[in-house]
There are 2 protein chains.
Amino acid sequence: MVLVVILKALADENRLRILNLLRKGELCVCEIEAILEITQSNASRHLNKLKNAGIITYEKKSQWVYYKINETFVKDNALLFDYLNNYMDNNSQFLKDLQRLKEYKNNRITCA
Amino acid sequence: MVLVVILKALADENRLRILNLLRKGELCVCEIEAILEITQSNASRHLNKLKNAGIITYEKKSQWVYYKINETFVKDNALLFDYLNNYMDNNSQFLKDLQRLKEYKNNRITCA
DNA sequence: ATAATATATGAGTGTAATCGAATATAATCA
DNA sequence: TGATTATATTCGATTACACTCATATATTAT
């Protein structure tokens, strides 16, 4: 069932933290690794799971793979997406991650 | 993280099917067993998981335990609940279960 | 008191999911 | 070409999950 696949993909703290970051725009794998302090293989795996559920899409640009939220998914699951948005905007863990994202973006232009 | 607990509790087909039935009102364990054709221990365990996530509550009435959706959860997670409601109202599997619920209610007053 | 019914839970099993470390692959750069 | 970087994937270990069968507990009915 599609709904189960979506909910399973969302039901993981690391994947929710990734999604939280992607709300602010596309990111490559190594940026996600650095900001969330998770291993490379883990980041890649979680992104793959979100992609397989249709929640995010990716685009390869030279050696980097940029992941972003799938706008079709957002349209098709607007209420769910609004719920997550609202939850993340009011949760300290997610806000902390967004702060780290901002610092990361201010300090570095490229990856690693 | 509370959100992960909620999403994990929802990320299972049997539990979603139970929740779908409970949208129409409270039910005891043996009614759920019969309508969804799942084993008694399975029904009980899934209900327990939904209860631990705060999604449902229960009330013991003589030998029966009636489970129902937790109105506080609905208020606190309105967008998520609306999303699920909408999804279930448009999914044939869930609609089929509701049909079975209706037939069950028409044919029997008590449990088993 | 005994039997029957409703529910919860323990034990065991098989399968899913998660993770880190290592390796494979592809692209870039010197 | 050879070294470096970014990403995906494989492997092995560990843990979590869902399920069935059997048992325990509580309540009701006879």
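Reckoned from all heavy atoms, side chains included, excluding hydrogens, waters and symmetry mates. Residue numbers begin at 1 in each chain, while the letters A, B, ... track the order of the sequences.
- For B/N42, a side-chain nitrogen or oxygen approaches OP1 or OP2 of D/dT20 to under 4.0 Å.
- Residue side chain B/R45 reaches the base of D/dT20 through a donor-acceptor N/O pair under 3.5 Å, judged by distance alone.
- At a cut-off of 3.5 angstrom, the base of D/dC21 holds no donor-acceptor pair with the side chain of B/T39.
- Looking at A/N77, its side chain never comes within 3.5 Å of a backbone N or O of A/L80 through a donor-acceptor pair.
- Residue B/N48 contributes atom CG, which lies 14 Å from atom P of C/dT7 at whole-angstrom precision.
- One distance of note links CG of A/L84 with CD1 of A/I69; it measures 9.0 Å at 0.5 Å rounding.
- Between the base of D/dA6 and the side chain of A/Q40 there is no donor-acceptor pair shorter than 3.5 Å.
- Listed pair B/K49 / D/dA18 meets the phosphate criterion, a side-chain N or O lying under 4.0 Å from OP1 or OP2.
- Across the protein-nucleic acid pair, A/W64 atom CH2 and D/dT4 atom C1' stand 12 Å apart, rounded to whole Å.
- Mapping A/S62 and A/S41 onto DNA chain C by nearest heavy atom places A/S41 closer to the 5' end of the strand.
- Between the side chain of B/Y87 and the main chain of A/L3, a donor-acceptor pair closer than 3.5 Å is present.
- Between the CD1 atom of B/I18 and the P atom of D/dA18 there is a distance of 11 Å, given to the nearest Å.
- The base of C/dT18 does not come close enough to the side chain of A/R15 for any donor and acceptor atom to sit less than 3.5 Å apart.
- With rounding to whole Å, A/R17 atom CZ is found 15 Å from C/dT18 atom P.
- Phosphate contact (OP1/OP2 of C/dT18, side-chain N/O of A/N14, threshold under 4.0 Å): absent.
- For D/dA18, the glycosidic angle deviates from 0 by more than 90°, giving an anti base.
- Atom CD1 of B/I38 and atom P of D/dA18 are 12 Å apart (whole Å).
- One can place CG of A/D12 at 14 Å from C1' of D/dC17, the figure rounded to the nearest angstrom.
- The nearest whole Å value for the distance from the CD atom in A/E33 to the P atom in D/dT5 is 13 Å.
- Within the structure, every side-chain polar atom (N or O) of A/Y67 is placed at least 4.0 Å from both OP1 and OP2 of D/dA6.
- Between the side chain of A/R15 and the main chain of A/H46, no donor-acceptor pair closer than 3.5 Å is present.
- Using a 4.0 Å cut-off, no side-chain N or O of B/H46 falls inside it from OP1 or OP2 of D/dC17.
- Base-pair partner of D/dT4: C/dA27 (Watson-Crick or G-U wobble, both distances under 3.5 Å).
- Considering only heavy atoms from C-beta on, A/Y67 stays 4.5 Å or farther from A/E31 through its side chain.
- Across all strands, A/K51 comes closer than 4.0 Å to no nucleic acid atom at all (heavy-atom distances).
- What separates CG of B/N52 from P of D/dC17 is a distance of 12 Å, to the nearest Å.
- A side-chain donor-acceptor contact under 3.5 Å links A/R23 and A/N20.
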